[in-house]
K.L.:
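Just passing along the structure, written as structure tokens.
Keep in mind the model is a prediction, meaning the values are calculated, not measured. Each residue takes its place number in the sequence, starting with 1. Both backbone and side-chain heavy atoms feed into the values below; hydrogens, waters and symmetry mates do not.
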Amino acid sequence: MMKSSYGLILAGLLIAGVGLAWAKDKEKDGQALYKEYCKTCHQAKSPNGEYTPMTLIQEQWERFFKDKLVSSHEKVTDPSHEGKKVLELLTPEMLETLKKWVIDHAADSEHPMTCG
């Protein structure tokens, strides 16, 4: 009986650890996307404005992705990706990952952060 209890506890800890590692990988995916596709044009002293997750609060990021992303970026090209349009480079899944990351780290979130 005692061995099976330890086995269940160990299995639960293993599953929890895998879940935490997966969550960290997803967070890094959002940060990596930001660094690769956004930071190029939105770093300090940029004529396009410096933007990091902490630049806006969660509600503002939600509104940006819903109402402003397409109109403000439809003609933007990415010099680090052969001048292709940013919105053609980013898949809907990539945009969702990026959106979740900036919202999770917005100025009013529990874990605000810059892109670093």
K.L.:
Could you tell me the separation between the CG atom of Leu89 and the CE atom of Met94, rounded to the nearest 0.5 Å?
P.N.:
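Those atoms lie 7.5 Å apart.
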K.L.:
Is the count of non-hydrogen atoms from other residues, nucleotides or ligands lying under 6.0 Å from Glu74 atom CD greater than 12?
P.N.:
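More than 12 within 6.0 Å, yes.
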K.L.:
For the atom pair CZ (Phe65) and CD (Glu96), what is the distance rounded to the nearest 0.5 Å?
P.N.:
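The distance works out to 8.5 Å.
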K.L.:
Considering non-hydrogen atoms only, spot the tightest contact between Leu98 and Cys38 and give its length.
P.N.:
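So the two residues come closest at CD2-SG, 3.6 Å.
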K.L.:
Distance from Met54 atom CE to Asp108 atom CG, nearest 0.5 Å?
P.N.:
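The distance works out to 11.0 Å.
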K.L.:
List in chain and number order the residues that pass side-chain hydrogen bond (donor to acceptor under 3.5 Å, both in side chains) with Ser80, two or more places apart in sequence or in another chain; answer none if no residue qualifies.
P.N.:
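Partners of Ser80 by the side-chain hydrogen bond (donor to acceptor under 3.5 Å, both in side chains) criterion, ordered by chain and then number, come out as Asp78.
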K.L.:
From His73 NE2 over to Phe64 CZ, what is the distance, rounded to the nearest 0.5 angstrom?
P.N.:
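Between His73 NE2 and Phe64 CZ, I get 4.5 Å after rounding to 0.5 Å.
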K.L.:
What's the spacing between Met113 CE and Gln31 CD if we round to 0.5 Å?
P.N.:
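The CD atom of Gln31 is 4.0 Å from CE of Met113, to the nearest 0.5 Å.
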K.L.:
Using modelled atom types only, decide if a donor and an acceptor are shared between the side chain of Glu50 and the backbone of Lys45 within a distance under 3.5 Å.
P.N.:
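Absent.
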K.L.:
Do Ile57 and Leu69 share a hydrophobic cluster, counting only Ile, Leu, Val, Met, Phe, Trp and Tyr and linking them when any side-chain heavy atoms are less than 4.5 Å apart?
P.N.:
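No, Ile57 does not connect to Leu69 through the hydrophobic network.
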K.L.:
Considering non-hydrogen atoms only, spot the tightest contact between Thr52 and Trp61 and give its length.
P.N.:
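Heavy atoms of Thr52 and Trp61 come nearest at O-CZ2, 3.2 Å.
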K.L.:
Can you measure from CG (Leu87) to CG (Leu95) and round to the nearest 0.5 angstrom?
P.N.:
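That separation rounds to 7.0 Å.
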K.L.:
Once side-chain hydrogen bond (donor to acceptor under 3.5 Å, both in side chains) is applied, do any residues pair with Lys100, and if so which ones, sequence neighbours excluded?
P.N.:
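By the side-chain hydrogen bond (donor to acceptor under 3.5 Å, both in side chains) rule, Lys100 matches Asp104.
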K.L.:
If you look at every heavy atom in Pro112 and Ala106, which pair is closest and at what distance?
P.N.:
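Between these two residues, the closest heavy atoms are CB-O, 3.4 Å.
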K.L.:
For a 4.5 angstrom cut-off between non-hydrogen side-chain atoms, does Leu90 reach Tyr37?
P.N.:
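Yes, at least one pair of side-chain atoms sits under 4.5 Å.
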K.L.:
Would you find a donor on one side and an acceptor on the other, under 3.5 Å apart, between the side chain of His42 and the backbone of Gly49?
P.N.:
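Yes, His42 side chain to Gly49 backbone: donor-acceptor pair under 3.5 Å.
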